[in-house]
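Working notes, beginning with the structure itself.
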Amino acid sequence: MSKQSDSQLSPPVLSEGSDRDLRSESTLGELPLYVFQVDIKCESIAITRIFEKYPLLPGVILLEEGKFAGMMSRLRLLEYLIRPRAIEMFLHEALEVLYSYARREILMLSEQTPIVDAARVALRRSPELLGEPIVVKMEESSEYRLLNVQELNIAYWQIRGIETQLRFEHMQADTIQSEKMASLGRLVDGVAHEILDPVGFIWGNLNYVADYSQNLIELMAAYEKYLPDLPEEIVQLRAEMELDYLQQDLPRAMASIRNGADRLKKLVSSLQNFCHIDEVYPKPADLHACIDSALLLIKSRLSGEIEVARNYGHLPPVSCYAGQLNQVFMNIFTMAIDGLLNKAVNQKFVQEFREIGLDASPVEISSKSRIEITTKLTSQPASLPAAPDSRWVTIKIADNGPGMSPQKLQKLLASFSAEKRQEKETSLVVSYWIVTAKHGGQFHVRSQPGEGTEFEIILPLV
């Protein structure tokens with residue numbers, strides 16, 4: 001085969017890439033790539049002239065009978081040519097002679113390789129190879145191109161800068177949101193306190209009003225006993241005010257006012273507990289009171305079709321961040337209620353379709369919608385043989401809703417990982433973080449299609 005001179009070589013071509021708007025998922029195919037391939041029989045002097053003419057060209061792809069044979073970088077070529085008597089030995093010889101001496105490890109990657117992954121691989125090379133270009137294989141054309149490692153490093157740090165900026169903006173947004181929620185919590189706490197004051201006045205005076213009313217009724221009864229002949233004006237006034245009915249209804253009205261004031265007092269207290277801003281250190285709290293407060297706040301969504309069963313065990317006060325655990329309970333109850341309501345709506349539609357004859361499938365008698373809460377003390381074996389067993393508090397919240405498919409459950413569990421939490425923070429992801437990271441506990445989710453979902457929270461007692 002005859003040697004190829006520089007006049008017969010195709011000039012290098014720089015491909016600008018498909019997109020310069022780099023993102024974390026950008027690939028090597030989006031970077032500037034050099035197209036320069038020669039036969040390995042080409043004279044070395046021809047390649048040196050090409051390198052002299054194109055100073056930014058990082059190297060050359062070597063082909064043998066049209067197939068990939070290797071890569072010679074500009075740095076490696078010049079490094080060998082400046083050695084003593086190297087020009088006499090290699091300059092006018094075929095490039096394969098020089099390549100047999102200068103052969104080095106080649107990093108070859110696909111064009112679909114993410115820039116971030118490629119940069120990490122390139123940086124792990126030995127020090128003498130850090131400046132070597134990267135061979136990029138194009139999938140569609142099966143062509144080989146060269147990537148300047150400096151272009152890769154610039155793109156990598158550009159992406160890292162964008163990610164850092166996004167994390168900073170996300171952190172700023174979280175800080176603003178946290179400050180906003182803290183301000184809202186203080187505002188709600190202040191409003192609740194202002195509501196509690198007049199409620200306290202009403203509650204404190206109800207006993208007196210009830211006693212005064214009863215005394216007046218007894219006084220009127222005494223008047224009627226000793227003064228049976230009443231003047232016409234009093235008889236008419238008594239008939240107009242329906243005194244007999246008033247005497248019967250007044251105790252019921254007082255009881256209704258007492259019940260309303262009691263419900264309002266409990267609601268405002270629950271709102272205060274839910275909006276409570278936790279301090280730096282955890283404090284002992286009654287978990288049953290926290291659960292009851294969360295249930296009271298969503299009582300409007302607990303229609304008569306949803307039954308709540310409380311199976312409370314004997315729990316001591318648990319050292320925790322009560323405000324954050326209130327949020328956890330609220331998130332779980334909200335998800336359970338949404339599932340139960342959706343199930344009820346679907347069953348109602350199916351029933352209506354059956355009544356009009358659009359669905360001939362047999363009728364399934366579904367159980368009443370139910371949320372069951374179970375709390376108990378448990379113990380776990382100690383990690384050291386001589387140490388006592390550790391005591392934990394277990395809280396299970398189970399519903400008989402539609403449940404989740406294995407794929408959906410697996411996706412939910414995967415979202416609890418640190419990588420997924422950065423992408424999307426849902427209410428359950430936040431709940432998992434509060435239980436595990438803030439309280440050193442465990443957060444488990446179990447679900448079967450058609451059999452409901454169970455959330456299990458395990459908190460250390462100490």
Side-chain angles (χ1 to χ4, degrees), residues 9-42 47 50-51 54-77 79 95-96 98-100 102-166 411 414 417-420 422-423:
L9 296 178
S10 300
V13 178
L14 176 62
S15 172
E16 291 293 341
S18 60
D19 190 2
R20 294 297 289 170
D21 185 14
L22 299 178
R23 302 171 301 276
S24 58
E25 63 272 13
S26 297
T27 61
L28 295 181
E30 301 178 28
L31 296 180
L33 302 176
Y34 288 90
V35 184
F36 185 47
Q37 304 178 129
V38 301
D39 192 273
I40 200 169
K41 302 294 184 180
C42 175
I47 301 302
I50 293 294
F51 284 160
Y54 299 93
L56 297 180
L57 184 63
V60 56
I61 300 293
L62 304 180
L63 302 178
E64 187 173 6
E65 297 181 358
K67 297 182 180 180
F68 179 82
M71 184 273 298
M72 174 72 73
S73 68
R74 169 193 293 270
L75 180 63
R76 194 66 59 195
L77 176 66
E79 176 186 338
L95 196 57
E96 62 178 342
L98 178 59
Y99 184 67
S100 64
R103 186 190 301 271
R104 289 291 186 272
E105 180 183 349
I106 298 174
L107 178 58
M108 182 183 298
L109 300 173
S110 169
E111 66 170 326
Q112 299 299 328
T113 304
I115 293 175
V116 176
D117 295 343
R120 291 170 180 169
V121 173
L123 289 173
R124 284 198 293 265
R125 293 184 294 179
S126 57
E128 65 271 12
L129 298 177
L130 290 179
E132 291 288 288
I134 299 171
V135 179
V136 180
K137 184 178 181 180
M138 312 304 292
E139 294 185 354
E140 294 184 0
S141 61
S142 298
E143 188 180 38
Y144 297 91
R145 299 183 181 182
L146 286 176
L147 171 62
N148 191 330
V149 72
Q150 300 301 327
E151 286 282 351
L152 176 64
N153 292 336
I154 292 174
Y156 172 70
W157 289 112
Q158 181 179 348
I159 293 174
R160 292 296 300 271
I162 294 174
E163 291 177 348
T164 303
Q165 179 66 22
L166 290 176
K411 186 177 180 181
S417 63
E419 295 79 7
K420 296 295 183 180
Q422 295 177 357
E423 297 177 4

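Atoms considered below: every heavy atom in the structure, side chains included; atoms not considered: hydrogens, waters and symmetry mates. In this chain, residues are counted from 1 in sequence order.
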If I compare all heavy atoms of Leu147 with all of Pro32, which pair ends up nearest, and what's the gap?
CD1-O, 3.6 Å
For a 4.5 angstrom cut-off between non-hydrogen side-chain atoms, does Leu152 reach Leu28?
yes
Closest contact, heavy atoms only, Leu109 versus Ala118:
CD1-CB, 3.6 Å
Tyr156 side, atom OH; Asp117 side, atom CG - distance, nearest 0.5 Å
9.5 Å
Within a radius of less than 6.0 Å around CD of Glu105, do more than 12 heavy atoms belonging to other residues, nucleotides or ligands occur?
no
Nearest-0.5 Å distance that lies between atom CG in Leu31 and atom OG in Ser26:
8.0 Å
Distance col, row Gln37:CD vs Leu146:CG, nearest 0.5 angstrom, shows 8.5 Å
Could you tell me which non-hydrogen atom of Leu57 sits nearest to which non-hydrogen atom of Tyr34, and how far apart they are?
CD1-CD2, 3.7 Å
One should read off an interatomic distance between Ile115 CD1 and Ile154 CD1, to the nearest 0.5 angstrom, of 11.5 Å
Lys/Arg N to Asp/Glu carboxylate O, Glu79 vs Arg76, below 4.0 Å:
yes
Looking only at heavy atoms, the pair that brings Ile159 and Val116 closest together is CG2-CG2, 4.0 Å
Side-chain H-bond candidate by donor/acceptor type, Ser110 with Gln112, under 3.5 Å:
no
Arg145 side chain vs Gly29 backbone, donor-acceptor pair below 3.5 Å
no
Rounded to the nearest 0.5 angstrom, the CZ-CE distance for Phe68 and Met108 is 3.5 Å
Check Ile40, Ile47, Ile50 against Val60 for a side-chain contact (heavy atoms from CB on, under 4.5 Å) and give me the one that passes.
Ile47
Heavy-atom count check: over 12 atoms from other residues, nucleotides or ligands less than 6.0 Å from Glu140 CD?
no
Give the minimum heavy-atom separation between Ala122 and Ile134, together with the two atoms involved.
CB-CD1, 4.1 Å
For Arg125 and Glu132, indicate whether the former's side chain and the latter's backbone hold a donor-acceptor pair under 3.5 Å.
yes
Could you walk me through whether Met71 and Ile106 satisfy the side chain to side chain contact (heavy atoms under 4.5 Å, CB included) test, starting with their C-alpha distance in whole Å, then the side-chain angles of each, then the deciding distance to 0.1 Å, before giving a yes or no?
CA-CA 7 Å; Met71 184 273 298; Ile106 298 174; 4.0 Å; yes
Gap separating the CD atom of Glu151 from the CG atom of Leu56, nearest 0.5 angstrom
9.0 Å
Give the minimum heavy-atom separation between Arg74 and Phe51, together with the two atoms involved.
NH2-O, 2.9 Å
